[in-house]
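A quick write-up on the structure given underneath.
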Amino acid sequence: MNRPQISSVTRLVALGALASLALAGAASAAAVDPEPITFYGDVAAVLQQECQVCHRPNGANLGGMVAPMALTTYEETRPWARSIARQVASRAMPPWDAAPEHNGVFANERTLTQEEIDLLVRWAESGAPAGDPADAPAPIDWPSSDGWLIGEPDLVLQFDEPYFVEDDVEDLYIYFQTTVTEEMIPEDRFVKAIEFRPGSPAVHHIIVPGLGGIAPGNDPVIHEDGMADVLKAGRNLSWQMHYHKEPGPGTGSWDQSSVALKFYGKDEEVKYEVFNADMGKYDFAVPPGESDYTIQTEWTFPSDSEIVGYLPHMHLRGKAAKYEAYYPDGSHEVLLDVPNYDFNWQTTYKYKDRKKVPEGTRVVLTTVFDNSEDNPANPDPTETVRWGEPTTDEMSFGFMSYINEENKGRGAFQGGDGLDLTAVVAFSDESRDGKMQLDEAPGGVKQYFEMMDQNKDGAVDMEEAKAANAFLEQMAEQREQAEAAAAGAAGG
Ligand code: HEC
């Protein structure tokens with residue numbers, strides 16, 4: 001990471017020596033600080049490098065997380081000096097939840113050095129002086145307010161009509177459609193970058209299967225050169241919107257959220273499609289008051305691959321997340337440890353240098369939930385919490401993007417061999433009774449409904465979904481054995 005050259009880091013060290021000298025002599029406090037830390041001389045450079053990407057007028061909007069104040073001028077910054085000291089000392093700012101052992105590993109890391117923290121704290125403690133404007137670093141020329149972080153997009157998609165989120169809405173889940181017409185893209189395109197922009201402060205999250213989505217704190221997706229998502233021509237995109245706000249008169253607002261795409265040129269080489277494993281669990285129940293409820297899921301790489309990044313996802317009871325690799329040679333490694341998960345910062349941890357993993361590497365995701373009253377974010381510690389889309393329900397996901405030479409894999413939630421029927425039940429349960437009714441079942445699943453509904457109560461519950469999973473697995477195994485036998489017969 002490029003760190004600013006802070007002249008005062010060396011000065012700080014000198015300051016300590018000077019301070020003891022001064023103490024020995026003079027009595028006045030001013031004499032202790034012969035060369036105080038100033039805004040223009042020292043602090044501005046740190047704010048520029050580490051804070052202003054968000055803390056500036058019209059700063060970054062990361063999935064609806066917009067910094068409440070600008071920290072570009074002395075006048076803007078001075079009133080926040082103490083708050084800044086507190087936020088950086090507790091490492092709440094800048095927002096970055098990976099354990100310190102990962103420092104230097106991820107490309108989008110947002111951390112301060114201990115020297116930078118000390119500098120901001122000592123500046124606040126010494127009365128937050130301005131210093132000499134002549135010492136100020138040249139201001140950064142940030143992109144204009146309505147610019148996209150991914151640069152000029154090739155295509156911006158919106159749902160067709162703006163939608164009014166009514167005054168009385170607190171939580172609302174609603175789907176919209178957009179067709180990617182032939183005029184927009186006549187043929188499949190490789191996508192270089194994707195940036196969602198919520199159209200209203202009431203937008204809590206957006207999911208568009210095929211393009212991903214955005215939740216609080218998400219960065220836009222910008223693939224490395226030669227790596228891409230694929231956008232199929234003529235496909236319908238469905239926008240799964242979650243609106244969340246305080247209900248009440250005058251709180252309604254219009255929304256027409258959008259997503260901007262940048263494509264690769266026809267003659268640009270795309271070597272890798274980026275795939276996404278979605279380690280998820282759907283059938284869990286976190287008991288009331290439980291402070292350490294742990295879920296583990298795992299995923300095995302079917303071929304030599306390179307991991308691009310991770311995105312752990314939980315809701316308000318989410319406490320910690322960990323990805324660990326168990327290699328075929330028996331060795332083990334912690335890939336990502338997030339000891340203090342913060343729902344408001346849905347961070348994608350993107351490698352500087354992709355992590356190479358051999359075929360057969362097993363990745364185990366551990367998520368931990370705190371449903372006790374000690375969790376300040378917990379909306380209700382007396383409730384049993386199950387899978388569900390509202391933030392007051394829970395999710396346990398570990399997304400992991402990867403590439404491989406064969407370009408073989410699948411995107412998140414695209415099923416494949418291991419179609420997980422507990423996931424189908426969880427996602428289709430619109431009535432939110434923990435079961436999938438026949439009219440809730442997706443088209444392809446309806447025909448198997450009766451077979452799955454073993455107790456014939458007209459609904460498929462999680463136990464029945466698990467039994468169906470086991471049945472599918474058995475069928476797949478038998479098929480494999482039969483194929484192997486046939487191949488053996490043909491060969492011999
Ligand atoms: C990635 C964007 C981002 C970066 C980088 C960032 N902030 Fe923030 N900051 C926010 C957002 C959003 C909030 C409000 C929500 C929150 O507190 O989490 C915030 C809140 C704060 C607050 C508390 C404001 C209040 O209302 O009490 C302070 C102080 C602060 N930031 C200081 C800093 C400093 C200093 C830096 C750099 C060292 C920094 N931030 C870097 C986005 C950012």
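Every number for a ligand or one of its atoms is a count from 1 in the order of the listing.
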Can a non-hydrogen atom of Met69 be found less than 4.0 Å from any atom of ligand 1?
yes
What do you reckon, are the aromatic ring centroids of His205 and Phe343 less than 6.0 Å apart?
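Ring-ring flag for His205/Phe343: false, centres at least 6.0 Å apart.
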Using the ring-ring contact (aromatic ring centres under 6.0 Å, His included) rule, pick out the option among Phe106, Tyr323, Phe399 that qualifies with Tyr349.
Phe106
From Tyr310, Tyr272, Trp299, residue fulfilling ring-ring contact (aromatic ring centres under 6.0 Å, His included) relative to Tyr402
Trp299
Identity and distance of the protein heavy atom lying nearest [atom]:
{"atom": "atom 13 (C) of ligand 1", "answer": "Pro68 CD, 3.4 Å"}
{"atom": "atom 18 (O) of ligand 1", "answer": "Trp345 NE1, 3.6 Å"}
{"atom": "atom 15 (C) of ligand 1", "answer": "Met65 CE, 4.0 Å"}
{"atom": "atom 29 (C) of ligand 1", "answer": "Ser83 OG, 3.1 Å"}
{"atom": "atom 20 (C) of ligand 1", "answer": "Met93 CE, 3.5 Å"}
{"atom": "atom 38 (C) of ligand 1", "answer": "Cys51 SG, 2.6 Å"}

Looking at Phe369, is Arg317 sitting on its ring face, NZ or CZ under 6.0 Å from the six-membered ring centre and within 45 degrees of the normal?
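No; the conditions do not both hold, so Arg317 does not lie above the ring face of Phe369.
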Please list, in number order, the atoms of ligand 1 under 4.0 Å from a heavy atom of [X].
{"X": "Val66", "result": "12 (C)"}
{"X": "Trp80", "result": "24 (C), 25 (C), 26 (O), 27 (O)"}
{"X": "Glu50", "result": "5 (C), 37 (C), 41 (C)"}
{"X": "Ala67", "result": "10 (C), 11 (C), 12 (C), 42 (C)"}

Any donor-acceptor pair under 3.5 Å linking the side-chain atoms of Asp255 with those of Tyr243?
yes
With a cut-off of 2.8 Å, does Gln87 put an N/O/S atom close enough to atom 8 (Fe) of ligand 1?
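Of the N, O and S atoms in Gln87, none lies under 2.8 Å from atom 8 (Fe) of ligand 1, which means no.
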Within 2.8 Å of atom 8 (Fe) of ligand 1, is there any N, O or S atom belonging to Cys54?
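Under 2.8 Å: Cys54 has no N, O or S contact with atom 8 (Fe) of ligand 1.
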Checking the side chain of His313 only, and the main-chain atoms of Gln346 only, is there a donor and an acceptor separated by less than 3.5 Å?
no
Are the side chain of Glu273 and the backbone N or O of Asn407 linked by a donor-acceptor pair below 3.5 Å?
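No, because the side chain of Glu273 does not come within donor-acceptor range (under 3.5 Å) of the backbone of Asn407.
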What part of Ala92, side chain, backbone, both or neither, has a heavy atom within less than 4.0 angstrom of ligand 1?
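Under 4.0 Å from ligand 1, Ala92 contributes no heavy atoms.
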Check the orientation of Trp123 and Tyr74. Use parallel for under 30°, tilted for 30 to 60°, and perpendicular for over 60°.
perpendicular
Can you tell me how the ring of His242 sits relative to the ring of His204, calling it parallel under 30°, perpendicular over 60° and tilted otherwise?
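Judged by the thresholds at 30° and 60°, the geometry between His242 and His204 is tilted.
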Is the CD atom of Gln177 crowded by more than 12 outside heavy atoms at less than 6.0 Å?
yes
Is the closest N or O pair between His55 and ligand 1 shorter than 3.5 Å?
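Between His55 and ligand 1 (N or O atoms, distance only) the closest approach is under 3.5 Å.
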